[in-house]
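In what follows, every chain begins at residue 1, and chains take the letters A, B, ... in the order their sequences are listed. Keep in mind that the numbers below use all heavy atoms, side chains included, and drop hydrogens, waters and symmetry copies.
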2 protein chains.
Amino acid sequence: MRLLLIEDEKELAAALAVALGKHGIVIDHTTHLADAVELTLQNDYDAILLDRRLPDGEGLTFIPKLRRSGRDTPIIVMTARNEPLERVEGLNIGADDYLGKPFLVEELRARVRAVLRRPINLAEPEIVAGHMVINPLQLNVAINSVQFDVPRRELSVLIALAKRKNKTVLRSMLEEAVYNYEEEIQSNALDAHISRLRKRLADAGSGVAIHNIRGVGYLLKEE
Amino acid sequence: MRLLLIEDEKELAAALAVALGKHGIVIDHTTHLADAVELTLQNDYDAILLDRRLPDGEGLTFIPKLRRSGRDTPIIVMTARNEPLERVEGLNIGADDYLGKPFLVEELRARVRAVLRRPINLAEPEIVAGHMVINPLQLNVAINSVQFDVPRRELSVLIALAKRKNKTVLRSMLEEAVYNYEEEIQSNALDAHISRLRKRLADAGSGVAIHNIRGVGYLLKEE
DNA sequence: CATCCGGTAATGCTGCTGCAATTGTCGATC
DNA sequence: GATCGACAATTGCAGCAGCATTACCGGATG
């Protein structure tokens with residue numbers, strides 16, 4: 001088994017290489033994102049271990065790059081930033097698992113095995129619905145080829161709905177798409193977002209409408 | 001889907017029951033290990049959510065007990081003790097996954113799904129019956145390729161029947177699919193749901209019909 | 001200091017859902 | 001095949017949970 005490790009702390013990297021080596025796992029190691037891209041083109045890794053804080057940028061930016069090159073290699077993100085919202089952020093961008101530092105090598109191995117068991121799931125580069133095109137990575141929306149501003153909260157809702165257009169999205173899924181565990185929600189803020197979003201979409205002639213299924217959730221439907 | 005939740009924080013338990021209930025997952029809840037053992041003998045759960053700090057002892061001790069009784073039900077351990085050593089401890093004893101608090105319900109659901117994926121049970125993505133297509137994970141129903149709204153309770157009944165189309169489903173099974181064991185039912189509410197569902201299915205030209213087996217249960221049959 | 005975002009709350013409304021009463025149906029038994 | 005009892009089907013009703021909309025205002029932002 002061959003893994004690519006992208007990590008700038010050299011002691012940690014060396015320790016991992018030794019530890020995993022004992023289990024017959026080969027580690028390629030680089031400290032920079034730039035090199036990582038090239039390595040993935042030249043090799044076919046079973047999985048990639050990715051740090052977030054790197055000398056030449058945020059590690060997560062590597063994920064869309066890799067996906068765009070057509071690879072669906074599983075990625076495990078390792079980081080000290082282990083807040084719920086950040087985990088979800090990582091997973092949404094297309095990471096396959098998230099591992100908070102510090103961790104034991106045994107746990108890392110367990111997660112590598114787990115990730116390799118999973119069926120492949122890819123992140124979508126852009127979402128089309130009606131006359132609307134959303135890029136969930138760039139966080140921008142175009143309607144009829146015109147750039148269209150949507151506030152952050154509403155955008156979270158819109159993306160969650162558009163990712164599963166014509167399918168029901170549970171209310172709780174939407175709440176989780178917008179708020180993390182600590183931010184308790186004591187009001188109908190989500191309803192308000194939906195309402196404002198509807199108005200926005202209608203005014204812009206987006207060609208989509210948000211439909212409610214009572215007691216279940218919402219549904220973005222193309223007209 | 002039916003889960004056993006062993007957790008002494010009642011607010012958290014209630015919140016989880018509500019949150020997962022919205023996804024059609026029924027939760028049985030107990031606060032004590034002693035009761036848990038008995039419940040697992042009487043029921044066949046899809047998975048078990050286990051807290052570590054419990055009034056009558058360390059939650060992990062439950063795992064070998066369960067395994068010795070011959071059950072391989074997947075167990076997800078939830079805990080605030082989220083140090084690396086403790087995570088590995090849990091996994092070594094035989095837990096299938098480990099989830100540190102706080103967590104997002106979305107993450108819990110993802111891990112439940114992941115854990116259930118392990119056996120050959122790749123979970124049928126959709127159920128086809130007559131002109132109707134149901135996706136039990138996304139909770140959406142299409143008839144003749146048209147999105148079709150079904151209220152919460154009726155949807156639970158419909159899915160339970162469709163999963164076993166052309167086979168009899170016991171009345172008690174349907175009740176369990178719709179209500180958890182705290183919500184006692186003192187009327188013919190289930191019959192009412194069946195009736196309304198029949199009308200809905202007939203109006204939509206679904207190509208299926210619900211038949212009754214007197215004294216036993218119901219049966220969803222393709223025409 | 002002007003603008004806009006976003007959470008809160010009030011209001012009105014829709015329709016799901018549990019219950020019960022009534023009617024209908026099955027099947028066992030004689 | 002007539003009768004009777006148990007079970008099932010249907011429907012109206014009332015309560016209320018869930019949803020839509022709007023106004024308000026504090027706070028962030030530039």
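Between A/D149 and A/R200, no side-chain nitrogen of the basic residue sits less than 4.0 Å from a carboxylate oxygen of the acidic one, so the salt-bridge criterion is not met.
Atom P of nucleotide C/dG6 and atom CG of A/L158 are separated by 13 Å, given to the nearest angstrom. Atom C1' of nucleotide D/dC7 and atom CG of B/L190 are separated by 13 Å, given to the nearest angstrom. Atom-to-atom, CG of B/L197 to P of C/dG18 comes out at 14 Å; the value is rounded to the nearest Å. Remark: P of D/dT10 and CG of B/L201 are 12 Å apart, rounded to the nearest angstrom. In this structure, CD of B/E175 is placed 11 Å from P of D/dA8, rounded to the nearest angstrom. Here D/dT10 presents its P atom at 15 Å from NE2 of B/H193, a figure rounded to the nearest Å. Protein atom CD of B/E154 is 14 Å distant from nucleotide atom P of C/dG15, rounded to whole Å.
In this structure the side chain of B/P151 never reaches within 4.5 angstrom of the side chain of A/R214, judged on heavy atoms.
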With salt bridge (Lys or Arg N to Asp or Glu O under 4.0 Å) as the test, would you mind laying out the steps for A/E154 and A/R196 before giving the verdict? CA-CA 8 Å; A/E154 289 178 37; A/R196 290 165 186 151; 5.2 Å; no
Going 5' to 3' along nucleotides 18-30 of chain D, which nucleotides have protein heavy atoms under 4.0 Å from the base (write B), which only from the sugar-phosphate (write S), and which from neither (write -)? BSSBBB-------
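Minimum heavy-atom separation, B/A177 to B/A160: CB-CB, 3.9 Å. Nearest heavy atoms, B/A129 versus B/K165: CB-CD, 3.9 Å.
At least one donor-acceptor pair under 3.5 Å links the side chain of A/D56 to the backbone N or O of A/A34.
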